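The next block holds one structure in the form of structure tokens; read it before the comments.
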2 protein chains.
Amino acid sequence: MRSPSEDTIAVRISKALAERIIAGTLEPGTRLRQDHVAAEFGASHVPVREAFRRLEAQGLAVSEPRRGVRVAAFSKAEVREVAEMRAALEELALRHAAPNLTAAILDAAEEATRAGDKSRDVGSWEAANRAFHRTLLAPCNMPRLMAAIDDLHAASARFLFAAWRSDWETRTDHDHLAILAALRQGEVDHACSILARHVRAVTPRPVPTASGVTRRLFVVDG
Amino acid sequence: MRSPSEDTIAVRISKALAERIIAGTLEPGTRLRQDHVAAEFGASHVPVREAFRRLEAQGLAVSEPRRGVRVAAFSKAEVREVAEMRAALEELALRHAAPNLTAAILDAAEEATRAGDKSRDVGSWEAANRAFHRTLLAPCNMPRLMAAIDDLHAASARFLFAAWRSDWETRTDHDHLAILAALRQGEVDHACSILARHVRAVTPRPVPTASGVTRRLFVVDG
DNA sequence: TGGAATCAAATTATCTATAATCTTTGGAGA
DNA sequence: TCTCCAAAGATTATAGATAATTTGATTCCA
């Protein structure tokens with residue numbers, strides 16, 4: 001038998017904080033004070049420090065030596081940067097995954113897309129979207145690449161939640177279906193180019209609101 | 001004025017260990033025991049643990065919960081994986097850096113190449129090579145991308161040192177010069193494709209030695 | 001006799017508690 | 001109003017305690 005939790009305390013704390021940062025509960029720029037976090041989780045500050053290092057590596061927090069840790073901010077430029085990196089790396093992953101894709105895997109990916117179309121809130125849509133990409137790319141058998149993509153997905157999810165906090169509408173994801181159709185016909189190059197454009201389409205653009213004030217809204221298709 | 005060392009102890013330790021891992025002084029699979037490392041650096045084991053997390057994030061060490069941390073191993077497959085990721089990301093970086101490249105920057109990159117050609121040992125060649133790539137790519141103004149590329153460079157350097165420990169010959173780096181020539185003529189697409197091929201050319205292949213034994217040698221052009 | 005299983009001791013990672021160092025903040029004085 | 005100094009707060013580091021894993025020896029069974 002194992003103890004109730006496999007993970008170490010540091011990992012548990014980092015996961016919990018990552019969830020909050022991605023969901024927007026912890027806003028960009030918020031100071032993360034180790035004593036407060038330690039108290040909240042009923043732990044000491046040493047595992048908290050390790051959790052901070054982990055968040056830093058994921059790009060969810062930034063640390064200045066002797067001046068503390070803050071939730072990472074994201075500018076319009078950073079949103080584009082993450083989208084470009086995802087496009088490049090996911091295209092690479094798909095190219096290597098393609099030869100290993102079976103009909104069952106493609107069906108599972110399609111299932112994830114349909115689950116996304118049916119979802120009524122941002123959270124479940126994001127989970128389904130992530131499942132789609134992961135199902136399709138994991139067969140590339142490149143662990144380091146997949147880890148990098150996962151971190152970029154987390155960053156993307158932050159933008160998603162920040163943008164779609166209030167207004168949310170369900171749409172059918174035509175890009176996803178087009179990618180699957182291309183793959184089923186063996187058109188790997190075509191599938192890759194759709195995927196790259198699809199992921200790159202995470203573009204911040206101003207959208208007029210009911211109050212007449214132009215508020216920044218992200219259009220996220222990835 | 002600042003204290004003699006800007007960095008925190010954890011950062012200092014992680015840098016020192018990273019150097020050893022890259023140079024091959026610490027061989028793949030070696031266990032890193034925190035008490036020993038702490039004793040060597042005259043520190044406690046807590047900053048050592050933070051240094052381990054940092055190395056883990058760079059992909060230079062792997063950690064199993066409650067079972068310690070080891071120097072990351074690299075298989076032939078991982079060498080290829082890192083090369084493919086570098087190719088994808090460096091091409092992306094060059095594409096965004098191209099509009100910002102001045103004649104002075106291109107000259108500096110050429111200078112780095114010539115320094116590499118003149119170098120007599122692997123260490124200085126690697127430094128010059130890294131300088132070439134960094135000089136050319138940094139103007140992309142994408143900090144997250146550059147950080148990722150830096151980590152991949154470190155991983156590549158490990159393979160380089162492992163392969164060229166004994167036999168080392170100087171060659172003129174024609175790819176570097178071809179990239180610069182293309183950029184000077186405004187042929188960004190061409191420069192990107194040369195760079196991608198160039199970086200991908202880090203391929204492990206067996207090479208016959210004088211003793212007649214086929215020993216594994218890496219051919220590293222990147 | 002060989003081998004598998006078990007248990008205890010030692011080693012090591014992990015966490016807590018405490019001290020030291022740096023940054024920041026608030027106020028006193030010029 | 002600006003500068004300087006002191007106190008408070010937070011980060012960083014140390015030392016010691018706890019818990020898990022590994023190791024080695026012993027015992028039991030085939």
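Just so it is clear, the model here is predicted, and its values are computed rather than measured. To find a chain, count down the sequence lines: A is the first, B the second, and so on, and within it residues start at 1.
Side-chain polar atoms of A:Glu90 and A:His153 form a donor-acceptor pair below 3.5 angstrom. Side-chain contact of B:Asn129 with B:His176: a donor-acceptor pair under 3.5 Å is present, judged by distance alone. There is a side-chain donor-acceptor pair under 3.5 Å between B:Arg86 and B:Ser156.
A salt bridge between A:Arg144 and B:Glu78 is absent, with no side-chain N of the basic residue lying under 4.0 Å from a carboxylate O of the acidic one. Salt-bridge annotation for B:Arg134 and B:Asp150: present, with a side-chain N of the basic residue lying under 4.0 Å from a carboxylate O of the acidic one. Remark: B:Arg80 does not engage B:Glu84 in a salt bridge, criterion side-chain N to carboxylate O under 4.0 Å.
Atom CZ of A:Arg70 and atom C1' of C:dT24 are 13 Å apart (whole Å).
By the side chain to side chain contact (heavy atoms under 4.5 Å, CB included) test, A:Ala72 pairs with A:Val62, A:Arg158, sequence neighbours left out.
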Its contact letters, B for base, S for sugar-phosphate only and - for none at protein heavy atoms under 4.0 Å, make nucleotides 9-16 of chain D read -SBBBBBB

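Separating the CZ atom in A:Arg12 from the CZ atom in A:Phe41 is a distance of 9.5 Å, to the nearest 0.5 Å.
Helix bend of the helix from C:dT1-D:dA30 to C:dA30-D:dT1: the angle between its two end axes, each built from five pairs, comes to 10° after rounding to 10°.
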